[in-house]
Amino acid sequence: MTTTQNDPTTHPTPDGRATMKAIVQASYGTDPDRVLELTDVARPSIGDDQVLVRVAAASVDMGTWHCMTGLPYAMRLAGFGVRAPKATNPGRCLAGTVELVGGKVTGFAPGDEVFGTCRGSFAQYVCVDPSRLAHKPLGVSFEHAAAAPISGATALQAIRKAGVRQGHRVLIIGASGGVGSFAVQMAKAAGAEVTGVCSAAKADLVRSLGADHVVDYAGGSTDGVAPRYDAIIDIAGNRPLRQLRRALTRRGTLVIVGGETDGRWFGGVGRSLRAVLLSPLVRQRLTMLASSENAGDMEAVAAMICSGSVTPAIDRTFPLDDAAAAIRYLRAGHARGKVVIAL
């Protein structure tokens with residue numbers, strides 16, 4: 001990754017605006033060292049309905065990879081930019097301190113510690129829509145808070161959609177990843193008996209999160225006669241629908257969260273769409289999750305963190321100038337929980 005070494009406090013832009021360090025990408029690509037550059041850019045100016053946050057930490061997820069690569073191609077047609085990314089910084093999650101608030105913003109003030117989602121969080125400062133911002137959980141580090149906005153909220157929405165409740169048997173595929181590590185804890189907090197599917201190397205992490213049982217995804221089976229699961233949350237998996245249905249009870253619920261099949265046009269959406277089309281024809285409920293980024297769910301996740309029922313699991317923390325390595329590490333499948341960038 002290319003790096004420039006200018007001091008942002010002493011090198012204003014030609015028009016006199018203060019600068020900051022930020023990751024910038026001008027084109028799509030699969031090699032973060034070629035695509036990403038750490039450089040000096042103008043510090044953003046906010047509108048009346050925006051909040052300027054000084055970023056203390058940002059997290060990396062598979063959405064970061066998709067924004068950087070422009071894959072699957074369908075996302076380019078959906079508004080991310082056909083030939084080049086519209087958002088020139090792939091960061092999506094942050095935690096930090098409010099620097100300025102727009103004249104129409106209520107609920108936030110300079111000095112507030114916050115976390116949330118935005119475009120361009122791999123930077124010293126970022127403009128954030130207040131509807132995607134929540135107050136940081138008290139007593140929680142910026143790094144742990146930055147791990148929660150997308151992964152925690154997505155896990156919460158998946159648990160809700162699956163209807164997980166006391167006494168349910170729940171299978172979580174991808175239990176050691178960012179979303180999965182939150183989902184295991186949330187399902188346990190709801191009173192479910194949780195089985196996590198992950199690699200053997202990450203089984204200890206999943207058990208430490210509260211899973212009652214752990215299945216090795218490489219050698220274990222999820223479609224045996226027993227147990228039958230009341231709910232399956234499949235996070236970025238690729239198991240055939242017929243196998244997942246065999247593992248469900250007769251009226252069980254399947255929630256597919258994402259899908260990483262390397263399909264260059266549609267990724268894993270094909271399996272999700274087949275599940276939705278099949279669902280009206282069978283007794284089981286087969287669904288996909290289109291997660292939303294909203295302050296309400298972030299506040300709910302913050303409450304869980306404050307209560308101690310959920311703890312963000314962080315694998316490694318990287319500095320901003322090593323953002324490319326953080327993305328490579330995540331993409332290689334090494335992460336046990338979340339990968340975070342600290343500024």
Side-chain angles (χ1 to χ4, degrees), residues 8-9 11-26 36 38-61 63-64 66-68 75 78-81 84-138 140 142-143 145-154 157 291-302 320 323 340-343:
T9 63
H11 292 79
T13 62
D15 62 1
R17 294 172 63 189
T19 62
M20 65 176 185
K21 293 291 186 184
I23 296 294
V24 173
Q25 70 170 103
L36 303 182
L38 177 64
T39 189
D40 296 320
V41 300
R43 192 171 114 173
S45 299
I46 60 170
D48 284 344
D49 57 352
Q50 292 179 312
V51 176
L52 181 68
V53 178
R54 182 180 180 92
V55 180
S59 61
V60 181
D61 56 38
T64 308
H66 292 305
C67 289
M68 186 188 79
M75 66 180 287
F80 285 82
K86 289 183 178 179
T88 57
N89 180 313
R92 307 194 309 146
C93 290
L94 80 147
T97 304
V98 174
E99 189 84 0
L100 296 170
V101 297
K104 297 181 180 178
V105 174
T106 60
F108 298 101
D112 287 352
E113 295 183 346
V114 295
F115 74 123
T117 66
C118 64
R119 284 191 175 187
S121 65
F122 297 165
Q124 291 178 313
Y125 292 89
V126 68
C127 289
V128 185
D129 182 336
S131 69
R132 297 186 175 189
L133 199 63
H135 288 92
K136 182 176 75 67
L138 293 175
V140 174
F142 284 113
E143 289 81 5
I150 288 180
S151 294
T154 299
Q157 291 165 24
S291 61
S292 65
E293 300 169 15
N294 63 86
D297 283 344
M298 292 174 201
E299 290 168 355
V301 173
L320 181 61
V340 173
I341 292 174
L343 280 75

Shortest non-hydrogen contact from I46 toward V51: CG2-C, 3.9 Å
CZ-OG1 distance between R119 and T88, expressed to the nearest 0.5 angstrom: 10.0 Å
Counting C-beta onward and ignoring hydrogens, is there a side-chain heavy-atom pair between L343 and F142 closer than 4.5 Å? no
Are the side chains of V114 and M298 in touch, meaning some heavy atoms are under 4.5 Å apart? no
Closest heavy-atom contact between K21 and Q124? N-OE1, 2.8 Å
Sole candidate of V53, V140, T97 that passes side-chain contact (heavy atoms from CB on, under 4.5 Å) when paired with E113: T97
Check whether any side-chain N or O of S121 sits under 3.5 Å from a backbone N or O of R92 as a donor-acceptor pair, and report yes or no. yes
Does the side chain of L36 reach to within under 4.5 Å of the side chain of P90, using non-hydrogen atoms? yes
Could you tell me which non-hydrogen atom of V55 sits nearest to which non-hydrogen atom of L94, and how far apart they are? CG2-CD1, 4.1 Å
Tell me if a side-chain donor or acceptor on T64 pairs with a main-chain N or O of D61 at a distance below 3.5 Å. yes
Closest non-hydrogen atom pair between N294 and D297, with its separation: OD1-N, 2.8 Å
Tell me whether N89 contacts the main-chain N or O of I23 through its side chain, where contact means a donor paired with an acceptor under 3.5 Å. yes
Any V60 side-chain heavy atom under 4.5 Å of F122 side chain: yes
Drop me the distance from D112's CG to K136's NZ, to the nearest 0.5 angstrom. 11.5 Å
Spacing of CZ belonging to R132 relative to CD1 belonging to I150, to within rounding of 0.5 Å: 8.5 Å
Quick test of your reading of the model: are E99 and R54 salt-bridged, counting only N-O distances below 4.0 Å? no
Between D49 and P130, the two heavy atoms sitting closest are O-CD, 3.2 Å
A146 backbone acceptor or donor facing S59 side chain under 3.5 Å: yes
Are M20 and P44 packed together at the side-chain level, in the sense that at least one heavy-atom pair is separated by less than 4.5 angstrom? yes
When every non-hydrogen atom of C118 is compared with those of C127, the smallest separation belongs to CB-O, 4.0 Å
Is there a donor-acceptor pair closer than 3.5 Å between any side-chain N or O of E143 and the backbone N or O of A342? no
